Amino acid sequence: MRRAIALVDCNNFYVSCERVFQPGLEGKPVVVLSNNDGCVVSRSQEAKDLGLKMAAPWYQMKDLAQRHGIVALSSNYSLYADISNRVMSLLSRFSPAQEVYSIDESFLDLGGIAADHTAYGQQIRETVRRCVGIPVCVGIAPSKTLAKLANHVAKQDRRLGGVCDFNRLSPAELDTLLSSIAVGEVWGIGRHTVPGLEAIGIRSVLDLKRAPANRLRARFSIVLARIVEELNGAACLELDDVAPAKRQITCSRSFGTLTASLVDLEQALIAYTTRAAEKLRQQHSMAGGIQVYIRTNPHRKRDPQYQQSILVPLAGPSNDTRLFCRAALYGLGQIHRSGYAYQKAGITLTHIIDAADKPNTLFDDVVLQQRTCTLMTTLDRINRRMGSGTIRLLGEGTSARWAMRRENRSPRYTTEWNELAVCRG
DNA sequence: TCTGGGGTCCTAGGACCC
DNA sequence: TCTGGGGTCCTAGGACCC
């Protein structure tokens, strides 16, 4: 029997989240901006129709926005993450095997589902809409890559009512459809690969599907060869229903204003390191190194530019925030140069292993390790219960002059007691 | 005169994703 | 004035080992 994989993808996710709590935004052009209100990262259909491009710098769009009354909101990630969790947990009821692929997408294995898959897709859409208020589209096909394409078709062709099942098409009908889609729409084919493919006559998805996989492997990469096999219905990519532990954990931010101050950089790095270490402990891992990164604003061509990073190895794997912060500050001291206006800093925890796999050495201080473990567990528990940042390192400071700008953030309706949505009237 | 071959591990950089 | 953040995988090349 042919495999059936569904890709459920939320429409204009961040904008849709905002509309759940502000129904007045329905039918209006709305965008959500990235941190520091920098770029457009989510657009309502009305905003797309006005020609607003994804990732466009917002300050360049302001004229257009004013002319058409576009509503611009700062991003509110705690709200989006919470809505996402609700959507994903609803979706899990529709299949025994679910892979949460991103904040707004989930693969479901419909293999054992006896129902008519198109009707089942409609049922998924209605349930999510009714229970969480988010519109979604569903694509169904024998491989993940084809399911992504089916979802693309479901979003484009409004006659389909939001669900597209490739398995219902005859091979000839599917090929006709694929011949009408540009090759750049395929999952994994980015803008750097498209010109190379076009140069050898591959323009449509059908062209790519019919290309010899082994020649593409030699000329491009094994990744592209796998994509071709997936387009032919062979499922090379498995459904990962348990999220694997992250192999690196990054926390980085652009500052709200440029800064030349070493103290600001130190405070920012301590804040980012603290956050990354929390994530590390959440997945029960330890890290063996920390990479520190600083840079000036590359868009300000006339300013003197500087960027540098350094990997600071630790004596052994650890999950101690204090140790990571010391290492981060040491790394910063190595790469920092005065006389520059810094725009961004970040850290990455690397060489991550499962905490249970930590090798013991002769030099381990077992008592100290126990105390560290207790301290970190307590720290996490208090911050989870009383709010992030309730207990933190002094070095993080209290002023955060460098903190990001979010001029139009909506309330955290579902995750903060004093910002709850209240029904009036 | 003349400088192997095979393997592993690590890193940097590129490309891609959302 | 103003240009996001967090990931993954692959490849090439260097260091090192026997």
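Keep in mind the model is a prediction, meaning the values are calculated, not measured. Hydrogens, waters and symmetry mates are skipped; everything else that's a heavy atom, side chains included, is used. Below, chain A is the first sequence line, B the second, and so on; all start at residue 1.
Between A:K144 atom NZ and B:dC18 atom P there is a gap of 12 Å when expressed in whole angstrom units. Look at CG on A:D9: it is 8 Å from P on B:dC18, rounded to the nearest Å. Rounded to a whole Å, the CG atom of A:D240 is 18 Å from the P atom of B:dC17. Put simply, CG on A:L7 is 12 Å from C1' on B:dC18, counting in whole angstrom units. Atom CD1 in A:I227 sits about 11 Å away from atom C1' in B:dA15, given to the nearest Å. Atom C1' of nucleotide B:dG14 and atom CZ of A:R191 are separated by 11 Å, given to the nearest angstrom.
Between A:K148 and the phosphate of B:dC18, there is a side-chain N or O to OP1/OP2 separation shorter than 4.0 Å. For A:H192, no side-chain nitrogen or oxygen approaches OP1 or OP2 of B:dG14 to under 4.0 Å.
Salt bridge status for A:D175 with A:K209: present, with a side-chain N to carboxylate O gap under 4.0 Å. Salt bridge A:K155/A:D9: present, at least one basic N to carboxylate O contact under 4.0 Å. Between A:D37 and A:R406 no salt bridge is recorded (no basic side-chain N to carboxylate O distance below 4.0 Å).
Looking at A:T348 and A:Q291, their side chains never bring a donor and an acceptor atom within 3.5 Å of each other. Using modelled atom types and a 3.5 Å distance limit, the side chains of A:S102 and A:D104 yield a donor-acceptor pair. At a cut-off of 3.5 Å, with distance as the only test, no side-chain donor of A:N12 or A:S44 sits close to an acceptor on the other residue.
Residue A:I189 is in sugar-phosphate contact alone, with no base atom involved, counting any heavy-atom pair closer than 4.0 Å across all strands shown. Within 4.0 Å (heavy atoms only), A:T193 reaches sugar-phosphate atoms of the nucleic acid but no base atom. Nucleic acid contact class of A:V186 (heavy atoms, under 4.0 Å, all strands): sugar-phosphate only. Contacts of A:F13 with the nucleic acid, taken as non-hydrogen atoms under 4.0 Å apart, are absent.
Stem analysis of DNA chain C (at least three stacked-register Watson-Crick or G-U pairs, each with both distances under 3.5 Å) gives B:5-18 with C:5-18.
Heavy atoms from other residues, nucleotides or ligands lying under 6.0 Å from CZ of A:R217 number 12 at most.
Residue A:R275 holds its CZ atom at 11.0 Å from CD1 of A:I347, rounded to the nearest 0.5 Å.
Ring centroid separation for the pair A:Y120 and A:F94 comes in under the 6.0 Å cut-off.
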Given protein heavy atoms under 4.0 Å, the one-letter contact record of nucleotides 2-11 of chain C, with B base, S sugar-phosphate only and - none, is simply BBSSSSBSSS
